[in-house]
Each structure stands twice: as structure tokens, then as C-alpha cells.
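Note: hydrogens, waters and symmetry copies are ignored here, and every other heavy atom, side chains too, is used. Chain letters run A, B, ... following the sequence lines, proteins first and then strands; every chain starts at 1.
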2 protein chains.
Amino acid sequence: MAIRYALLGLLTKGPHSGYDLHSTFKTQHIYFWNSTHSQVYQELNKMRDEELVTYETIVQEGSPNKKLYSITHKGEKRLIEWMMEEAVKPAKIKDEFLLRASAFQAISVEEAVTLLERILAREKAILAGTSQWQLEHYGEQDYPSYLEIGSYLTSEFGKRYAKMYVEWCEWALELLESYRA
Amino acid sequence: MAIRYALLGLLTKGPHSGYDLHSTFKTQHIYFWNSTHSQVYQELNKMRDEELVTYETIVQEGSPNKKLYSITHKGEKRLIEWMMEEAVKPAKIKDEFLLRASAFQAISVEEAVTLLERILAREKAILAGTSQWQLEHYGEQDYPSYLEIGSYLTSEFGKRYAKMYVEWCEWALELLESYRA
DNA sequence: GAAAACATGTAAGGCGTTACATGATTGC
DNA sequence: GCAATCATGTAACGCCTTACATGTTTTC
């Protein structure tokens, strides 16, 4: 249900295509939201029927035509109503690696170390990517324009999350040393 | 699909009822997994059919009867196969509050501050709860028995996650001050 | 007297994923 | 030549949630 608010939120910053919106989920929003391109296109169609968004077709040479979606007045109203609701649902997380980690007692220390090292490398790469992205977008400024406040806040969250993950991996690897024969 | 591995993982530490297993999701696993009681019961039935788990009925006075589930040899084998798979899917997170935060440009600074303060309080309470839980379970020890390694690693992750969230909220509130008229 | 904890299930429906489908351009 | 990027969709399926269903004991 909340996918629509994710899309409406992005559209408050200006018109975007379905492809753009999905790309954002894959890159910037990865730390707190996820979706697939097919769901994005389906939800955009529903929202168009409910007049929360409109679009105009952009004819392009070289690339396929695209639909540039804009948020309507009605859409913006609906978004803000949702944002100001009293209740905020707790986050729902499904992290397969942590699920494996929670069952490390079922495998050997050596195997656990192997799994952890792989994830440490992955998270380091993610941290580097997020830091890079933030530098490219906000590098010189102390703080960005208010239009960019959402992206700025959540990219910082992403960076802190990745950093925390890396540090936890390193701590866990050290701890596992204690169990080595 | 992975719900079954979450359940199998917990059962490597000993027999548990469906109610117990779901309680764990609501408390300890909240940082990396979530489910509902109805899904837990349904999945346990499926796994019983596939002989990944067995159960015995415990007749209780005062409380309703319960089914104590145990992991089978076949179940353990299946779990370890899954754990050692090369590919680990990236985490899927759905955090409604961060979704709201990502659209803060659509509301006023004052409204954003109100929302943030509410979440800061929530996360502080969660951090306190997790710290308390960890203290009760592992307080005196430097590190726990290997049987408890999974819970220990992930509860530490939970603590670090909550701490990071609190610090990010405080940082965000400070930043928002810059935009105040 | 009400709410929370203990305890387990079924049924309906929808959200979300995976697979199928197409096709041009750019970079390695 | 192959993979990646750009670009948008449909169809099938199933995981997962919400609602329905029941009943006792303990705590406030």
C-alpha cells in the first residue's frame, strides 16, 4: 500500500518516468525501501486512474519513448495526509545474511568466518558507493536546498547504516576468533 | 521462502512451540526478520509434511495444549545447504518512517521536526529495551557458548542499529534547525 | 471488568515477485 | 558479439497480511 507514497514522494521533486523512479529504489532508497519495475509501472497506472498523477509522453530519438509522470494537487494532498498520520508502522526488514548469522551455531567457526568475510566486503563496497554518491550530490555544501532535504537525510542514513554494518562485521570476526580451536 | 530457514535456525537451539517461535520474531529478530503468527503456523505445517520438523503435543494445565517442534536430520541438512549457498540476497527493508523522511520537502520544517521527535523517542525506547535484553541474557560473560552465538551476534547488531538510528535522528533534528525562519 | 499473555488455527485477498515479452543504443 | 542501460508493460503465482475464530489464566 505504501509503494504509492514512495512514488508520490519522489514526484514532489519534479516529473519522473517509471524507469527513473524504479532506478531510485535500486540506488538511493535501497536502505529503507525496495520494489520491482513491474510493481512501479502497475502502481503508476492505478494512481493515474485515481488522478493522483498525470503523465505526458516524451518522444525520444535513440531511446524508447517515455512517460513523464507528475504529481497532481490531489496526489500531493493524499501524500501529506499519509505523512502526518499519527501512527507510524515499525520497519519491516528481511535480511537474509543476518538470518544466516542468527543460525551460526549450526555451522563451524571457519564456515561462519567465510560467510562474514564475504558480507564484510559487500558492505564495504556499498559504503564506498553511498559515500561517493553523497559527495557527488552534496559535496561542497554544508546543507542542501530544502527541496533536497529528503534525499539528503536518507542518504546520510544509508551511509551510517552501511558503516554500522561494516563495523559490526569486523566486531563479529574478532569475536569468532575466540571460538577457534 | 526464507521463513522456513528462520524457523529451522531457531529450532537448532532446541524444541520450541509455534507461539515461542513467533514471539522471537516479534522481539529478538525484529532487526532483520518479521512474520505473523499465522504464517508461522502455516509454515510449520508445511515443514512437518516435508519432514523437516516433527512435533509432540504437550498437555498443559492452565494454559492450552501446545506443540513442541523439533528439527529433523533432514531439516538440519536443508538449513545448512541454504546457509552455505554462494549468493546472499541483499536485505529488503520497508521503513515507513524513512519513507516519510525522504519526502520531507513536501511539508514544513516544523512538521518534520514533530515527526522526527516522535521517532527519536520510539528508537530510544527500542535501544533501551535491546540493551536490557542483552544485559539479562549475556550480562556477565565476555562471550557466550557457541550455541548462543547466533542470538548474541544479532542482538548486538540490533543494539548498534538502534543506536545508529537514535544518533541519526539527533543529527537530523540539528540539521533541520538550519532551515528554520 | 478489561487487557495482556498463552496457545493454535483457517480463509480471503492483495501486495509483490518472477517470468515472459520487446527493442534500440552504447560501451567493453 | 555480449552485457548493460534505457524504456515499458502483462501474466501467473505465491508469499504474506488481515480478519475471523476460540478459550483460559493472570495481572492491573
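Between the OH atom in Tyr146(B) and the CG atom in Leu176(A) there is a gap of 6.0 Å [rounded to 0.5 Å]. In this structure, OG in Ser102(B) is found 9.5 Å from CH2 in Trp33(A), a value given to the nearest 0.5 Å.
Tyr41(A) has no side-chain polar atom (N or O) that falls below the 4.0 Å cut-off from OP1 or OP2 of dG9(D). For Lys67(A), a side-chain nitrogen or oxygen approaches OP1 or OP2 of dG9(D) to under 4.0 Å. For Lys94(A) and dC15(D), the shortest distance from a side-chain N or O to OP1 or OP2 is not below 4.0 Å. At dT17(C), one or more side-chain N or O atoms of Asn34(A) fall inside 4.0 Å of OP1 or OP2 (strictly under the cut-off).
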Report each atom pair, protein N/O against N/O of nucleotides 18-26 of chain D, whose distance is under 3.5 angstrom.
| from | atom 1 | to | atom 2 | distance (Å) |
| --- | --- | --- | --- | --- |
| dT18(D) | O4 | Ser38(B) | OG | 2.8 |

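Scanning residues 123-135 of chain A for heavy-atom distances under 4.0 Å to DNA chain C yields an empty list. Within residues 5-28 of chain A, no residue has a heavy atom under 4.0 Å from DNA chain C. Using a 4.0 Å cutoff on non-hydrogen atoms, no part of residues 45-54 of chain B comes near DNA chain C.
Residues Ile80(B) and Leu147(B) are members of separate hydrophobic clusters, defined by side-chain heavy-atom contacts under 4.5 angstrom among Ile, Leu, Val, Met, Phe, Trp and Tyr.
Taking atom CD on Glu43(A) and atom P on dG14(C), their separation rounds to 13 Å, with Å as the unit. As a whole-Å value, the separation of Ile93(A) CD1 from dC16(D) P is 15 Å. When rounded to the nearest whole Å, the span between CG of Asn65(A) and C1' of dG9(D) equals 14 Å. Taking atom CG of residue Leu44(B) and atom P of nucleotide dA7(C), one finds them 15 Å apart after rounding to whole Å. Protein atom CD of Gln60(A) is 15 Å distant from nucleotide atom C1' of dT26(C), rounded to whole Å. Rounded to whole Å, the distance from CD on Glu96(B) to C1' on dC15(C) is 14 Å. Taking atom NZ on Lys66(A) and atom P on dA7(D), their separation rounds to 5 Å, with Å as the unit.
With no hydrogens or angles considered, a side-chain donor-acceptor pair links Tyr31(A) and Thr130(A) at under 3.5 Å. Side chain to side chain, Thr36(A) and Gln39(A) fail the donor-acceptor criterion of an N or O pair below 3.5 Å. For the residue pair Thr12(B)/Gln105(A), the side-chain donor-acceptor check at 3.5 Å is satisfied.
Just one residue in the list Phe157(A), Tyr161(A), Phe32(A) forms a ring pair (Phe, Tyr, Trp, His ring centres under 6.0 Å) with Trp168(B), and that residue is Phe157(A).
Geometric assessment of Arg4(B) against the ring of Trp82(B) yields a negative cation-pi assignment under the 6.0 Å and 45° thresholds.
Annotation: ring pair (Phe, Tyr, Trp, His ring centres under 6.0 Å) contacts of Phe104(B) (sequence neighbours excluded): none. For Glu110(A), the salt bridge (Lys or Arg N to Asp or Glu O under 4.0 Å) test picks out Arg180(A), with sequence neighbours left out.
Between Lys13(A) and Glu148(A), the closest side-chain pair of non-hydrogen atoms falls below 4.5 Å.
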Do Thr72(A) and Glu51(A) pass the side-chain hydrogen bond (donor to acceptor under 3.5 Å, both in side chains) test, and can you show the C-alpha distance, the side-chain angles, and the key distance before you say yes or no? CA-CA 7 Å; Thr72(A) 62; Glu51(A) 294 175 313; over 6 Å; no
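Across Ala87(B) and Arg100(A), no two heavy atoms sit closer than the pair O-NH2, 2.9 Å. The minimum heavy-atom distance linking Glu85(A) with Arg118(B) is given by the pair O-NH2, 3.3 Å.
Nearest-nucleotide mapping onto DNA chain C: of Ser35(A) and Tyr69(B), the residue sitting toward the 5' end is Tyr69(B).
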